[in-house]
Structures are given as C-alpha cells and as structure tokens.
There are 2 protein chains.
Amino acid sequence: MAPKIKDVAKKAGVSVTTVSRVLNGEKYVKDDLKAKVKRAIDELGYAPSHIARSLVRKKTNLIGVIVPDLTSSFYSTILSSIEETASLNDYNLLVCNIIEDTDKELKYLNVFKEMRVDGIIIMHEKLSDDIRSFINKLDIPVIFSSVRPVDHKFVSVIIDDYEAAYDATRYLIELGHERIAFIGGDMRDITSGQNRYVGYRNALKDHRVRTVNDYIRFGDYKTQSGYNLMKELLACEPRPTALFAVSDDMAVGAMNCIHDHQLKVPDDISIIGFDGSQLTELVRPRLSSMEQPIQDMGKITVDTLIELISDPTFSPREDLILGHKLVVRDSCRAFQTER
Amino acid sequence: MAPKIKDVAKKAGVSVTTVSRVLNGEKYVKDDLKAKVKRAIDELGYAPSHIARSLVRKKTNLIGVIVPDLTSSFYSTILSSIEETASLNDYNLLVCNIIEDTDKELKYLNVFKEMRVDGIIIMHEKLSDDIRSFINKLDIPVIFSSVRPVDHKFVSVIIDDYEAAYDATRYLIELGHERIAFIGGDMRDITSGQNRYVGYRNALKDHRVRTVNDYIRFGDYKTQSGYNLMKELLACEPRPTALFAVSDDMAVGAMNCIHDHQLKVPDDISIIGFDGSQLTELVRPRLSSMEQPIQDMGKITVDTLIELISDPTFSPREDLILGHKLVVRDSCRAFQTER
DNA sequence: TTGAAAGCGCTAACAG
DNA sequence: CTGTTAGCGCTTTCAA
C-alpha cells in the first residue's frame with residue numbers, strides 16, 4: 001500500500017499535524033522539523049492522497065469536459081487549449097467524448113456530479129430534455145464553449161455566429177458571385193445551425209443576390225456530409241459558382257467532391273469554410289475560412305469557469321462574445337462571366 | 001451543500017447502512033424500504049460521493065492518460081478509442097496533453113499518483129531520466145500504447161514497426177522505384193524512430209536498391225517538418241521518384257510541398273505514409289499508408305490495463321504486437337523511365 | 001510551535 | 001433483513 005501521512009509522521013518522529021503543515025507550506029514549523037519531515041517524505045516516496053484531501057477540503061480541482069467529437073480538428077484544438085489553461089491553474093480534466101450519444105452524456109454528467117468536479121464545460125448545444133433538467137438542478141458551475149444552448153441560464157463563450165456567417169457570405173458576394181450555395185449544420189442548433197443560416201440568407205437579401213432554395217443544404221458538420229451535399233449541388237442547373245460551408249470539415253469534403261468530379265477550386269467553384277481549424281492549411285488549395293479564435297476561446301472558457309468556481313456570486317449574465325476574422329487563403333476567386 | 005447519505009437515511013427513515021445497501025444493489029433489503037430509499041434519493045437529487053467511496057474502497061476508477069499532442073490526427077483517434085473502451089468499463093479518463101514538456105509530464109504523473117488513479121496509459125517513448133525513475137518506483141500499473149520505451153519493464157501495445165516500414169518500402173520498390181527517399185522521425189525513439197528507419201534501410205538493401213544518404217531526412221512527425229524536409233529533397237539531383245514518410249502528417253506536408261512546387265503526386269513523386277489516420281482520406285490525391293490498427297490499439301490498451309488493474313499477478317511479459325496493413329489509395333504509381 | 005482529536009461522506013464488519 | 005460503529009487519509013479547530 002502507498003504510504004500515508006501517519007507513516008511519514010512516525011518516520012520523522014512528529015505528529016501528523018506537523019506533516020500536514022509542511023505539506024501545506026504553513027509557517028510555524030521549525031526548520032529542523034521541516035527538514036526531517038521532508039526527508040521522510042522523500043524516503044517513503046510519499047504523495048498525499050488527493051482523494052482524502054478533496055473529501056475534507058470539499059474541492060477536487062477537477063473540471064469535467066464534454067466534447068462532441070475528439071477526432072474533429074476544431075474540438076481537439078479547443079480541448080488542447082482548455083487543457084493547457086486548466087493545467088496552468090492546477091486543474092485537471094475529466095474528458096467525456098459523446099458521439100451524439102445522449103445516454104452517454106447523461107451518464108457522464110452523473111459521473112461528474114458524483115466526482116464532485118468543481119466545474120463543467122459543455123461544447124454542444126443539442127441538449128435533450130433529461131440533460132437540460134439535470135444540469136438545471138445541478139449546483140456545480142457549468143459553462144458552454146463555442147455554443148449557446150437555447151435556455152439562457154448559463155454563460156457561453158462564443159463568437160457572433162450570425163455576423164460571422166453574414167461576413168463570410170458578403171465576402172463571396174463582393175467577389176462578384178451571384179450563385180452562392182450554402183452547406184449548413186443542424187437547424188436544431190441555434191448558434192452553429194440557425195444563426196449561420198440566417199446570416200447567409202440575410203447577406204444575400206441585403207445585397208440583392210437571389211436566394212435559390214436548391215443551393216441550400218444541411219448536414220452534420222463532418223467531412224463526409226460536406227462531400228455528399230456537394231455532390232447534390234453539382235447536379236444543380238446552373239451550377240453554383242461559390243459555396244459557404246459552416247464548418248471547415250464540410251468545406252474540405254466539398255472540395256474533395258469537386259476534385260473528384262474533375263473540377264477545380266477556386267476556378268470552377270470558390271469555397272469558404274468556417275472555424276479556422278488546422279485543416280485550412282493542410283489542404284490544397286488552402287482553404288479560406290471564417291475563423292473562430294479557437295485558442296482564446298478555450299482559454300477564456302477555463303478562466304471564466306475558474307472565476308465562477310472561486311466566486312459563486314460572480315455571474316456574468318452576459319455571454320462572452322469573441323471576435324471572428326476572415327482569413328483569406330487560396331480557395332476563392334473573383335467571379336468572371338463564363339467564356 | 002450537496003445532500004449526503006445521512007440526509008437520505010433521515011428522509012427515508014432508515015439507517016445509512018440501508019441506504020448504502022440499496023446504492024450498491026445488495027439484496028437483503030425489503031422492497032418497501034428499498035422503494036422509500038429510492039424516493040428519498042430522487043427527491044433530494046442525491047448522488048453518492050465518488051470521493052468518499054474511493055477513499056474507503058481504495059479504487060478510483062480513474063485512468064490517467066498522457067498524450068503527446070491532442071491535435072494530431074493519430075493521437076486524437078486513439079484517444080477517442082481509449083475513451084470509448086474506458087467508458088464501457090466504467091472507467092474515467094484524466095487527460096494530460098504534454099507538448100514535449102517534460103516538466104509538465106512529471107507534474108501530471110505526480111497528480112496521477114496523488115489522485116490514486118487505478119492505471120496509467122503513456123503514449124510517447126522519449127522518457128527523461130526523472131520520469132523513468134518515477135514510474136519505476138510507482139506501484140500503479142502502467143501501460144504503453146503505440147510505443148515501446150527502451151527499458152522493457154512495462155507492457156506495450158504496438159505494431160511491428162520494423163516490419164511495417166520494411167513492407168512499406170518494399171511496396172515502393174515493387175512499383176519499380178529506385179530513388180526512394182525517406183522522411184523519418186526522432187532517432188531517440190526506438191519504435192517510431194529507429195525501427196522504421198532500419199526497416200527502410202534493410203528493405204533497400206535486401207532488394208539491391210541503392211541507399212542514398214541525401215535522400216534520408218529526419219523530422220518530428222508533424223506536417224510542417226514533412227513540408228520542410230520535402231523541400232530539401234526536391235533540391236536533390238537527381239530528384240527521388242518516391243517517398244516513404246513515417247507519419248501521415250509528414251506525408252501530407254510533403255505532398256503539399258510538392259504541390260506548391262508545381263509538381264504532381266503521384267506522377268512526379270509517389271508517396272506512402274504511415275499510421276492510417278483520417279488524414280489519408282481527407283487529402284487529394286488520397287494518401288496510401290501503412291496502417292496501424294488505431295481503433296484496436298486503443299481498445300486493447302484499455303482492456304489489458306484493466307486486466308493489469310484487477311489482477312496484479314497478471315503480467316503479460318510479452319508486448320502485444322498488432323498487425324499492420326498496407327492500404328493502397330492514390331498517392332503511388334509504378335515508376336516509368338522518364339520520357 | 002506542536003499535538004490530540006474531531007470530522008469529511010461513505011463502506012463493511014459485526015451484532016441483533 | 002437492519003442498524004451501530006469503526007475506520008479510509010487527510011485537514012483543522014482547540015489546547016498546551
């Protein structure tokens with residue numbers, strides 16, 4: 001068995017209280033005793049039990065994180081940023097990868113509750129009723145990152161998805177495109193589904209570009225769905241000359257579809273993605289994208305959550321809206337009348 | 001404060017023992033009492049404290065995982081598989097993302113020790129002396145996944161990297177290539193560095209293909225280094241006609257470099273990658289790759305670790321060697337004499 | 001400055 | 001079947 005504080009005390013010839021004191025860096029311990037205790041700790045290879053400490057301190061330094069899909073470029077990057085910030089603040093991460101699995105999510109939320117995690121980060125917005133009511137009666141701080149759920153009880157760290165989608169679409173319009181297709185997300189999602197869609201529509205409307213229903217498709221943010229939907233779009237007559245996809249993954253899927261049909265990006269079709277994930281630089285042509293500040297988003301999420309944890313009265317009723325930024329790479333070009 | 005077992009007991013009019021019994025699904029509790037207890041639990045929204053339970057049971061159901069880079073396609077996929085398997089077995093994951101940061105790794109290993117995690121999964125092999133000695137005197141089961149460290153005290157779940165690299169190179173040779181370049185990893189790594197390199201060399205030697213030192217470069221497994229090294233290779237005279245890169249990320253970097261120099265894969269240069277990550281299907285042309293069974297690797301890692309945990313005498317002194325598989329896609333073609 | 005002892009929330013003998 | 005009680009390994013009054 002691992003040595004306990006009592007073993008250290010015995011070996012050092014002091015009381016457990018004294019050991020506890022040097023463990024916690026309190027003063028009021030004479031140097032010679034302190035030295036003795038430290039030696040005993042080393043010799044025993046003693047490490048205080050975080051479990052026992054948590055029990056008495058009522059603080060676990062654990063943060064539970066719910067990620068929709070670890071293998072997505074966007075989420076793995078934001079998680080990486082979350083992990084870094086948490087670690088810097090001496091918090092550890094309990095990670096749950098739910099893959100559209102509501103039962104698993106509920107089970108994990110329950111684990112988080114049993115574990116008495118100090119805070120919870122949730123990164124998807126399609127909350128089932130069970131889950132909604134569960135987190136509503138939870139007395140653990142919850143924060144949403146990159147999404148905002150419908151009922152506005154919790155803080156979210158997000159960008160203005162409407163504006164971002166509007167700006168992305170406008171970019172295409174300003175390049176002279178008039179047949180602009182849209183590959184959207186799940187319309188049950190407010191932020192990444194509805195807001196981005198409305199941003200697209202309004203940009204068209206405000207600039208008097210015709211909205212063609214056939215040019216509008218919805219998918220699940222993943223590469224494969226981008227690919228499939230692009231295939232449908234290629235069958236349209238006339239073909240769109242530009243595409244706005246609401247995730248980089250879908251944009252890449254669309255690019256691949258276009259490539260597989262012997263067409264060229266951006267010569268035949270211009271594409272703009274959304275997220276600003278690492279993928280944008282990995283593909284050829286490099287993907288222009290409406291970037292979310294992924295790193296900042298992760299950091300600010302954790303920083304805010306930690307404030308929430310340490311000061312329960314602190315409660316920014318406002319969401320934290322971060323800035324978006326269009327990053328132009330090589331996947332779009334000005335539209336020219338066909339020759 | 002969260003309700004405790006005592007509150008439930010009071011509310012249900014029974015002793016804490018009885019509550020504990022229904023919590024743990026023991027028989028020997030009359031149905032009516034059981035019902036009462038369950039109702040009390042519901043009304044209070046009670047969830048047993050995992051902390052307190054762990055303290056008395058001496059089992060945390062926690063697995064600590066050390067990942068080199070969460071954003072890499074390979075590691076995020078294997079982590080995803082690890083998470084799934086762990087979850088299925090009621091284990092939770094404490095995740096540490098070390099980014100070549102030895103201090104952070106040591107700090108986390110210490111956290112794992114303090115947390116009294118039941119087991120530890122490590123996915124990199126460049127162990128510092130501190131870390132080596134730390135895990136050697138740790139009395140928590142440790143397992144390595146996708147790598148094997150030099151001192152062979154722990155179990156590893158890996159493929160035969162030597163054979164895999166040999167087979168990948170032979171594939172290129174059989175396609176008729178004679179100027180085959182190599183982009184390797186870190187030679188301080190046994191599995192992914194040395195073994196893959198020697199596999200490459202021996203394949204050339206066994207098939208009487210000339211080894212050209214200029215065609216051999218080493219990087220850090222990442223896209224950028226693949227890009228940079230390919231740039232150097234393109235400057236060679238004569239240029240290699242094929243490339244074996246020991247990670248898909250580096251292979252994609254090389255592909256991009258080739259593309260940016262107005263050359264074509266596979267027409268000008270054939271490329272084969274290593275890992276079989278999701279990237280292979282994301283790029284164009286699709287990347288042929290020597291695949292590791294990533295999903296299985298994650299699953300087997302966790303399954304084996306759980307055996308190690310539940311039966312300390314159980315100790316497969318042998319590593320678990322999984323099969324590799326060449327998956328041919330579109331990035332290689334037969335070599336034809338230049339016209 | 002130091003130590004004894006009372007919990008933190010739960011499980012597990014041991015009685016009844 | 002059910003309840004009493006003694007810890008699990010630590011922190012924290014309260015005294016000395």
Side-chain angles (χ1 to χ4, degrees), chain A residues 1-38 40-41 44-62 110-118 139-140, chain B residues 1-38 40-41 44-62 110-118 139-140:
Chain A
M1 270 297 51
K4 16 182 139 182
I5 197 170
K6 209 171 164 184
D7 302 322
V8 177
K10 197 172 296 171
K11 181 143 199 158
V14 299
S15 73
V16 293
T17 313
T18 302
V19 178
S20 174
R21 286 198 177 105
V22 348
L23 244 30
N24 294 292
E26 283 176 40
K27 33 196 180 180
Y28 302 136
V29 183
K30 266 197 187 144
D31 286 352
D32 59 328
L33 279 197
K34 193 182 290 182
K36 264 190 205 163
V37 170
K38 285 195 167 155
I41 288 177
L44 259 36
Y46 169 78
S49 161
H50 188 95
I51 304 289
R53 280 181 153 177
S54 300
L55 189 59
V56 30
R57 290 179 178 168
K58 296 172 171 322
K59 180 138 186 0
T60 55
N61 277 51
L62 246 32
N110 210 48
V111 169
F112 289 170
K113 183 177 173 184
E114 294 186 352
M115 289 272 195
R116 305 293 192 256
V117 300
D118 292 334
D139 56 351
I140 298 174
Chain B
M1 272 292 57
K4 15 183 140 182
I5 198 171
K6 210 171 164 185
D7 302 321
V8 178
K10 197 171 297 172
K11 180 144 201 156
V14 298
S15 75
V16 294
T17 312
T18 303
V19 178
S20 175
R21 286 201 175 102
V22 350
L23 245 30
N24 294 292
E26 283 175 41
K27 34 194 179 181
Y28 302 138
V29 183
K30 266 198 188 145
D31 286 352
D32 58 328
L33 277 198
K34 193 183 288 181
K36 263 190 208 165
V37 170
K38 285 196 169 157
I41 288 178
L44 260 37
Y46 169 78
S49 161
H50 188 96
I51 305 290
R53 281 181 151 176
S54 299
L55 189 60
V56 32
R57 289 180 178 166
K58 295 174 174 319
K59 180 141 185 357
T60 55
N61 277 51
L62 246 32
N110 211 47
V111 169
F112 291 170
K113 182 175 174 186
E114 295 186 353
M115 288 272 194
R116 306 293 193 255
V117 300
D118 293 334
D139 55 352
I140 298 173

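The chains referred to below are lettered A, B, ... by the order of the sequence lines, with proteins before strands, and numbering in each begins at 1.
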Interatomic distance, [X] [atom1] vs [N] [atom2] [rounded to whole Å]:
X        : N      : atom1 : atom2 : value
A/Met115 : C/dG9  : CE    : P     : 18 Å
A/Arg21  : C/dT2  : CZ    : C1'   : 6 Å
B/Ile51  : C/dT11 : CD1   : P     : 13 Å
B/His50  : C/dC10 : NE2   : C1'   : 12 Å
B/Leu23  : C/dG9  : CG    : C1'   : 11 Å
B/Lys10  : C/dG9  : NZ    : C1'   : 14 Å
B/Leu55  : C/dT11 : CG    : C1'   : 10 Å
B/Lys59  : C/dA12 : NZ    : P     : 13 Å

B/Arg53 side chain near B/Ser49 side chain, heavy-atom distance below 4.5 Å: no
Bounds of contact between DNA chain D and chain A, in 5' to 3' order, using a heavy-atom cut-off under 4.0 Å: D/dG9 to D/dT12
Pick base, sugar-phosphate or nothing for [X], based on heavy-atom distances below 4.0 Å to the nucleic acid.
X       : answer
A/Lys58 : sugar-phosphate
A/Leu33 : sugar-phosphate
B/Thr18 : sugar-phosphate

Given DNA chain C, 5'-ward residue of the pair A/Tyr28 and A/Arg116, judged by closest heavy atom: A/Tyr28
End-to-end axis angle, where each axis spans five pairs of the helix from C/dT1-D/dA16 to C/dG16-D/dC1, to 10°: 40°
Presence of B/Arg57 side-chain N/O under 4.0 Å of C/dT11 phosphate oxygens OP1/OP2: yes
Work out which heavy atom in [X] is nearest to a heavy atom in [Y]; give both atom names and the distance.
X        : Y       : result
A/Leu23  : A/Ile5  : CD2-CD1, 4.2 Å
B/Val19  : B/Val14 : CG2-CG2, 3.8 Å
A/His50  : A/Asn61 : CE1-CB, 4.3 Å
B/Ala9   : B/Ser15 : CB-C, 3.8 Å
B/Arg57  : B/Asn24 : NH2-OD1, 2.8 Å
A/Met115 : B/Ile51 : O-CD1, 3.7 Å

Sidechain-backbone polar pair: A/Ser20 side chain, A/Val16 backbone, donor-acceptor under 3.5 Å: no
Residue closer to the 5' end of DNA chain D, B/Val56 versus B/Val29 (nearest nucleotide): B/Val29
Position toward the 5' end of DNA chain D (nearest nucleotide), A/Glu26 or A/Met1: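 It is A/Met1 whose nearest nucleotide is closer to the 5' end.
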Within 6.0 Å of NZ in A/Lys59, more than 12 heavy atoms from elsewhere: yes
Pairs touching residues 4-18 of chain B that satisfy salt bridge (charged side-chain N to carboxylate O under 4.0 Å, His left out), sequence neighbours left out: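 Sorted pair list: B/Lys11-B/Glu43.
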Base C/dA4 to side chain A/Thr17, donor-acceptor N/O within 3.5 Å cut-off: yes
